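Taking it in order: structure first as C-alpha cells, then the write-up.
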Amino acid sequence: MASPSPTTDTIAALATPRGRAALAVVRLSGPQAVRVADACLSGPALAEAESHTAHVGFFRGAEGEEIDRVVATVFRAPRSATGEDVVELSCHGGDFAPQLILERLYGQGARPAEPGEFTQRGFLNGKMDLAQAEAVADLIDATSRAAHRASMKHLKGRYSDRLAELREELLELCAYIELELDFSDEDVDFADEERLAGLLDEAEALLADLIGSYATGEKLRDGVRVVIGGRPNAGKSTLLNALVGDERAITSPTPGTTRDRLEADAQIEGVRFRFTDTAGLRGAEGQIEAEGVRRAEEAIREADVLLYLYDLAEGLADEERAFLEEHAPGVASAGGDAGEESDGQATLVIGNKADLLNGEAPTPQMNREAAGLPHATLSALEAARDTDRLAPVTDFLRETVAGDLSRAEHSPVVMNRRHRRHLRDARAAVRQVREGLEGGLGGDLLALDLREALDEIGHITGDVTNEDVLDQIFSRFCIGK
Ligand SMILES: Nc1nc2c(ncn2[C@@H]2O[C@H](COP(=O)(O)OP(=O)(O)OP(=O)(O)O)[C@@H](O)[C@H]2O)c(=O)[nH]1
Ligand SMILES: [Mg+2]
C-alpha cells in the first residue's frame, strides 16, 4: 500500500459486497469527506450537520441527474471509527447505484481506499491498538462461532489488557534493574535477587501462557484438523460422509476406493472441524497407491485428532497396533495445556461395522485391541442414516476441544502467527536476562535485553512499528474496512 497520508487524502469505498442486495454502504473518510458528499447531495447540507446525525437526500451525478435516494450519516472527527470526518452513504444495492456513487465521489476529489485503510487510519489516530485492528480482520474472516467469539473478545481489548499487564511487568523489572541495583556488585542483597527472580518468573509465566494459547487460537481460527485413517475398506469414507452429512466421498466394497486425501468441513458446538478422508493404509501395490498411502500418513502426522477405523469382524492387525503406538502415544490432549509443544494427537480407535455383529456386544478382546487408546464401536453405515448414532465420535470430538473452548472463554488466546513470533522473541529476551543475572552481568546489559522484550510486545500492540509491517497487516483486510 502507498504510505498513508491520513491528514490530506479523503478516501472512499464500498463497505458492503457488490451485487444484488437491498442496501449498500459507501464510506468516505478524511478532511474533505463532508465537502465531497455535500457536492453530490441535494437536500441536506452536511456542512452544518451535527456529528452522528442521519440525513435523507438525492445523490446526483455530474449533470445533476438523480442517481439514488440515500441516507447520509455524518460522524465528525475525532468521534468516528477512523478518527477523521466520516460520511456513510446508505444507498440501494445492486451493480449500478453504488458504483455510480463511488465514481462521482472520486470525481469530487476522493480517492479509492486501499484494503484496510479505514481501519489503518483508526489505528494511526489512536482509536484502537494494532492487536485490536487485527481482530477486526479476524472477525470478518471467522468461519465458526468460536472463532467469531474469540476475535470479538480481542476487539473489546481483553487481549490488549493482558499485553499491557505484561508490559507493566517488564517495565517494573527494567526500573528495578536500571535504577536500583548493580548486580555486578558483590554485595547485592539476597532479598533483591529473590525479588528480581520473582518478577522474571511472573513475566515468563505470562509469556508462556500466551504462547501456549496459540494452539487453541489456531484451532479456533482454522478449525480442528481431524484425520480418518485405517486399512482399506474399514469404512473411512462412509464415516466422513456421515460426519459431514453429505455424500462427499465415494464409498464401495472394493478395497482401495479412496486414492487421495479428501477434505470436508462440519461445525460441532460452534467449532469448525476439518475432516480428511484418506487412502487405506496397507502395503501398496502400485505407484498411485503408494502415493496415496504416503499422503495418508502425512495427513495423519499433521492432524490434531486421529479417528482410526478398523473392521470389528477383523480386529486390529499387529502392524496396526504397532502403528497406533507409534503415531498416537495416547496423549488424548484436550488442548487446554499451557505447555507449548505438548499438544499431542488425540486419538479415538473405532471398531466399525458393529451392525454386522448382530447385536453382539464387542468382546473384551476387541476392546483390548485399542492399544490402550480410547475406543468406541460404531456402525458408520447406520450413522450415515441416523446422526444420533454418531454420538460416540462427536462426543469424543467435543471433548477434544472442551479445554480450548473453556480457555478461550476465560483468558485471551493468541490467534495470530505474527504475535506468537514476537511473544517467543520476548520470552527469549527474558530468558537471556535470567542467564545474564546468573552470570553476574551488569544492570545496564540486563536492561538492554529487557528493552528488547518490551519492543517485541510493542510490535504486537503497534507501539513499535514500521510502515512495511503495517502495510502488510492492513493489506489482509477487505477494501472498505
Ligand atoms: N455393514 C456395514 N458396512 C459398512 C459400514 N461402514 C462401511 N461399510 C461398507 O464397507 C465398504 C467400504 O466402505 P468405505 O467407506 O468405502 O471404506 P474405506 O475405508 O473408505 O475404504 P477405502 O477407500 O478403500 O480405503 C462399503 O461397501 C461400505 O458400505 C458399516 O458400519 N456397516
Ligand atoms: Mg475410502
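Just so you know, ligand 1 is whichever comes first in the structure, and atom 1 is the first atom listed for that ligand. All of these numbers come straight from a predicted model, not from anything done at the bench.
Shown in contact with S237 at under 4.0 Å from a heavy atom are these atoms of ligand 1, numbered in order with element: 15 (O), 18 (P), 20 (O). With ligand atoms numbered from 1 in the order given, ligand 1 contributes 1 (N) to contacts under 4.0 Å with heavy atoms of L356. Interface of T254 with ligand 1, defined as ligand atoms under 4.0 Å from a residue heavy atom, comprises 24 (O). Atoms of ligand 1 found under 4.0 Å from any heavy atom of G280, numbered from 1 in the order shown, are 25 (O). Against a heavy-atom cut-off of under 4.0 Å, A234 is close to the following atoms of ligand 1: 19 (O). Below 4.0 Å from some heavy atom of N352 lie the following atoms of ligand 1, by number and element: 5 (C), 6 (N), 31 (O).
Residue contacts with ligand 1 for S252 involve N, CA, C or O but no side-chain atom from C-beta outward (heavy atoms, distance under 4.0 Å).
Scanning both residues, R282 and P232, for their nearest heavy atoms gives CD-CG, 3.5 Å.
The closest protein non-hydrogen atom to atom 9 (C) of ligand 1 is K353 NZ, 4.0 Å. When hydrogens are left out, the protein atom nearest atom 3 (N) of ligand 1 is L381 CD2, 3.6 Å; that is the closest non-hydrogen contact. In this structure, the protein non-hydrogen atom closest to atom 14 (P) of ligand 1 is T238 OG1, 3.6 Å. Nearest protein neighbour of atom 1 (N) of ligand 1, counting heavy atoms only, is D355 OD2, 2.9 Å. Atom 21 (O) of ligand 1 has N233 N, 2.9 Å as its closest protein atom, hydrogens excluded (heavy atom only). Atom 17 (O) of ligand 1 has G235 N, 3.1 Å as its closest protein atom, hydrogens excluded (heavy atom only). When only non-hydrogen protein atoms are considered, atom 27 (O) of ligand 1 lies nearest to P253 N, 3.3 Å. For atom 18 (P) of ligand 1, the closest non-hydrogen atom on the protein side is K236 N, 3.5 Å.
A donor-acceptor contact closer than 3.5 angstrom links the side chains of E84 and S29.
The pair E435-R431 fails the salt-bridge criterion, with no side-chain N (NZ, NE, NH1 or NH2) lying under 4.0 Å from an Asp/Glu carboxylate O. Under 4.0 Å is where a charged nitrogen must lie from a carboxylate oxygen, and between R407 and D404 no such pair does. Taking a cutoff of 4.0 Å between a charged side-chain nitrogen and a carboxylate oxygen, E438 and R434 do not qualify as a salt bridge. Taking the charged nitrogens against the carboxylate oxygens, E165 and R162 do have a contact shorter than 4.0 Å, which makes a salt bridge. Using a cutoff of 4.0 Å between basic side-chain nitrogens and carboxylate oxygens, E409 and K153 are scored as salt-bridged. Looking at R231 and E319, a side-chain N of the basic residue comes within less than 4.0 Å of a carboxylate O on the acidic one, giving a salt bridge. Between R420 and E218 there is no salt bridge, since none of the side-chain N atoms of the basic residue sits less than 4.0 Å from a carboxylate O of the acidic one. Under 4.0 Å is where a charged nitrogen must lie from a carboxylate oxygen, and between E298 and R294 at least one such pair does.
Side-chain atoms of R295 never come within 3.5 Å of backbone atoms of R259 as a donor-acceptor pair (strictly under, hydrogens ignored). Put simply, the side chain of S379 never gets that close to the backbone of A354: no donor and acceptor are under 3.5 Å apart. T257 places no side-chain N or O within donor-acceptor distance of the main-chain N or O of T251, the cut-off being under 3.5 Å.
Considering both main-chain and side-chain atoms, T258 comes within under 3.5 Å of ligand 1 through a nitrogen or oxygen pair. Considering backbone and side-chain atoms alike, P255 places every N or O at 3.5 Å or more from each N or O of ligand 1. Considering both main-chain and side-chain atoms, A380 comes within under 3.5 Å of ligand 1 through a nitrogen or oxygen pair. For ligand 1, none of its N or O atoms has an N or O atom of A354 under 3.5 Å away.
Heavy atoms of G256 come nearer than 4.0 angstrom to ligand 1 in at least one pair. Put simply, no part of D277 is less than 4.0 Å from ligand 1, judged by heavy atoms.
Annotation for I140: atom CD1 counts as buried by contact number, over 12 foreign heavy atoms lying within 6.0 Å.
Not a single N/O/S atom of N233, whether from backbone or side chain, sits less than 2.8 Å from the Mg ion (ligand 2). Inclusion of T257 in the first shell of the Mg ion (ligand 2) is not supported: no N, O or S atom falls under 2.8 Å.
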